[in-house]
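Down below is the structure, laid out as structure tokens.
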Amino acid sequence: MAIQVTLKGGVIKEFDAGIRAMDIAKELGMGLYKAACACRIDGALCDLRTPLTQDCALDILTFDDEDGKKAFRHTASHILAQAVKRLYPGVKLAIGPAIDNGFYYDFDLDTPLTPEELQKIEAEMKAIVKEALPLEKHELDAADAIALMQGRGEDYKVELIAEHAGKGEKISFYKQGEFDELCAGPHLPDTGRVKAFALTSCTGAYWRGDASKKMLQRVYGTAFPKKEELESYLAAIEEAKKRDHRRIGKDLELFTFLDEGPGFPFFLPKGMILRNNLLNFWRDLHMQRGYQEIATPIMLNQGLWHTSGHWDHYKDNMYTTLIDEETFCVKPMNCPGGMLLFKSKRRSYRELPLRMGELGLVHRHELSGALHGLMRVRCFTQDDAHIFMTPEQIKDEIKGVVSIIDTIYKQTFGFDYHIELSTQPEDSMGEKETWDLATDALHEAITEMGYSYKLNPGDGAFYGPKLDFHLTDCLGRTWQCGTIQLDFQMPERFELEYIGADDQPHRPIMIHRAVLGSIERFIGILTEHFAGAFPLWLAPEQVRILCIADRHLPAA
RNA sequence: GCUUCCGUGGCUCAGUUGGUAGAGCAGCGCAUUCGUAAUGCGCAGGUCGUCGGUUCGAGUCCGACCGGGAGCUCCA
């Protein structure tokens, strides 16, 4: 029987029923055959070995396609698991997905996987690639699948299958040689296609990402179709290491960290020049855009943090101290101080929008393992501002902030950036209508400005939706820096009011925003982006004159 | 916080199977003024992260703690 297959570009070809996508790829040319990673049959992601039984649309995916890339690297992770199973038969397998730059696999294994062990594993993987084992899919009922995995002592797989058991689905496995692995697929047709790979590191990782569960050993690796691609990727990693702001910061004497204050950066004279240049620029720009600058205390009494809600949510991360029998908290955010200043006198609608900026030093007790140079510290300066306004002013104020962000990111530093819109989370406060109003305002403001954005449903703050601005550095890495958050909760909690044109009190709406995010982190990003060769206006040392003649020597 | 690796003069590092610390750069002194990746000679600088243990003896072995790296968790 013949079937009609609609190929990419709308070309329709006739084949015998039962033909596989990989055979079609072969007919279309060896280049495509060799590059093929997976396929879509009528939109559904499938293996290249899946037989086509009826008329359908077929899209053959290569490494250039995200799903093709995933299939490729996921196959590499199966090869890794097979190699580990061969070398350490007692190992229990957890999970091993493809990730952004490669793949990983989690193992429950008593032998620590040192770099030497990784070399052995890599050698075994090469052998498996050479064997070019076909990956064949087969399916079992959940009960049979569980029995099979229990028989092998694969406790983690049993747990995974049990979660699917209720749904009555068939459980799929992929078999390559002696190795049979629970997996949804799709995969490459055989292990021989994973030509270029490398295991990059081994660390601990919790089973299911849950800190209360067992710590497993996670082996990271990366894989590409061509050796040159692997090499250039590894070279890019090396380049990133050279640009590490911790190294450059030390070399250029910008900042330092000392044992007396883990996670608390010290700025050296040269770093201070850079920092002040950046802040002067920031201040000038914000004054031009109608901002006022305030400074609020670094420490305020505990009652304030109850009012703001921070105590309930984040007390574990707050530094506190007992003074005169009263608990004081070092501020982890600036907003409550800003609220108090708004409240400090009677406000009129004529004052709105009121833009109060604050370069506020905040302290957060981050877990020791989370610290990372200037990128993740325990005290940092936010280029914060709170804008108090009427509902009608929301859109224009958002546009104003977006304009500042564009001025700094793009026009000043030449960064590309993209925007993400995060909407109402499940455990949020406030009415749905208010949320819709706020979310629409964010959407409309940036859409009218000609921006597109990525949607993060349910990822907003508990008090309102937000726009996040992610910039891309010269190595293609993205950093979330700017944020615009619409906040209906704080004005409510703090009972903020202004007197309207109708001579009645009204509750203002608030924007909480930052452009650079953290001054320290932004300096870290700039350092890596420019590899220490800062733009002239920022550079701590702009010119150095070298004297080489007698008369230039200092008098003895 | 968890897993794992690491911690030697300001910086980058050597220190073999445990026997009382080495180099280069930087610094200082003297000499050199010599044309663009680093002039020569010399000096100074470390209780080898801290505390404890094993040993006749530990930078080198063991433990705890502190700090750091990688990742996990977290990131208002």
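Here is the naming used below: chain letters follow the sequence lines, and residue numbers restart at 1 for every chain. Please read all numbers here as calculations on a predicted model, not as lab measurements.
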Measuring only the [atom1] atom in each nucleotide, how far is [N] from [M]? A whole number of Å is fine.
{"N": "B:G63", "M": "B:C74", "atom1": "C1'", "value": "30 Å"}
{"N": "B:A14", "M": "B:C56", "atom1": "P", "value": "32 Å"}
{"N": "B:G35", "M": "B:A23", "atom1": "P", "value": "31 Å"}
{"N": "B:U60", "M": "B:C51", "atom1": "P", "value": "13 Å"}
{"N": "B:A70", "M": "B:G46", "atom1": "C1'", "value": "29 Å"}
{"N": "B:G10", "M": "B:C34", "atom1": "C1'", "value": "29 Å"}
{"N": "B:G67", "M": "B:A76", "atom1": "P", "value": "24 Å"}
{"N": "B:G1", "M": "B:C65", "atom1": "C1'", "value": "16 Å"}

Which residue pairs pass the salt bridge (charged side-chain N to carboxylate O under 4.0 Å, His left out) test when at least one of the two sits in residues 245-269 of chain A, sequence neighbours left out?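 Found A:D244-A:R246.
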Say you draw a straight line from CD of A:E358 to CD1 of A:I294; how long is it, rounded to the nearest 0.5 Å?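 Answer for the CD-CD1 pair, A:E358 versus A:I294, is 5.0 Å.
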Shortest non-hydrogen contact from A:A98 to A:R73?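 Nearest heavy atoms, A:A98 then A:R73: CB-CB, 3.9 Å.
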Partner nucleotide, any strand, of B:C75 [Watson-Crick/G-U, under 3.5 Å]: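 Matched B:C75 with nothing under the 3.5 Å cut-off.
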Using the ring of each side chain (for Trp, its six-membered ring), is A:Y417 parallel, tilted or perpendicular to A:F469, with breaks at 30° and 60°?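 Ring orientation, 0 to 90° scale: tilted.
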Of all residues at least two apart in sequence or in a different chain, which pass the side chain to side chain contact (heavy atoms under 4.5 Å, CB included) check with A:R86?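 Partners of A:R86 under the side chain to side chain contact (heavy atoms under 4.5 Å, CB included) test: A:Q82, A:E124, A:I128, A:E131, A:L133, A:E178.
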Tell me whether A:K270 is salt-bridged to A:E541, with the criterion being a basic N under 4.0 Å from an acidic carboxylate O.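 Yes, this pair counts.
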Can you sort out the partners of A:R493 under salt bridge (charged side-chain N to carboxylate O under 4.0 Å, His left out), two or more places apart, ordered by chain and number?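 Result, salt bridge (charged side-chain N to carboxylate O under 4.0 Å, His left out) vs A:R493: none returned.
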Among residues 513-530 of chain A, which residues get a heavy atom nearer than 4.0 Å to RNA chain B?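 Correct list: empty, so none.
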Please, which pairs that meet side chain to side chain donor-acceptor pair (under 3.5 Å) have at least one residue in residues 481-492 of chain A, sequence neighbours excluded?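 Residue pairs with at least one partner in residues 481-492 of chain A: A:Y463-A:Q485, A:D468-A:T483, A:T483-A:Q485, A:E492-A:R507.
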When you look at CD of A:Q480, are more than 12 heavy atoms from neighbouring residues, nucleotides or ligands closer to it than 6.0 Å?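 Check passes, neighbour count above 12.
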Its contact letters, B for base, S for sugar-phosphate only and - for none at protein heavy atoms under 4.0 Å, make nucleotides 70-76 of chain B read BBBBBBB
How long is the line joining CD of A:E260 and C1' of B:G68, in whole Å?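 After rounding, the reported distance stands at 14 Å.
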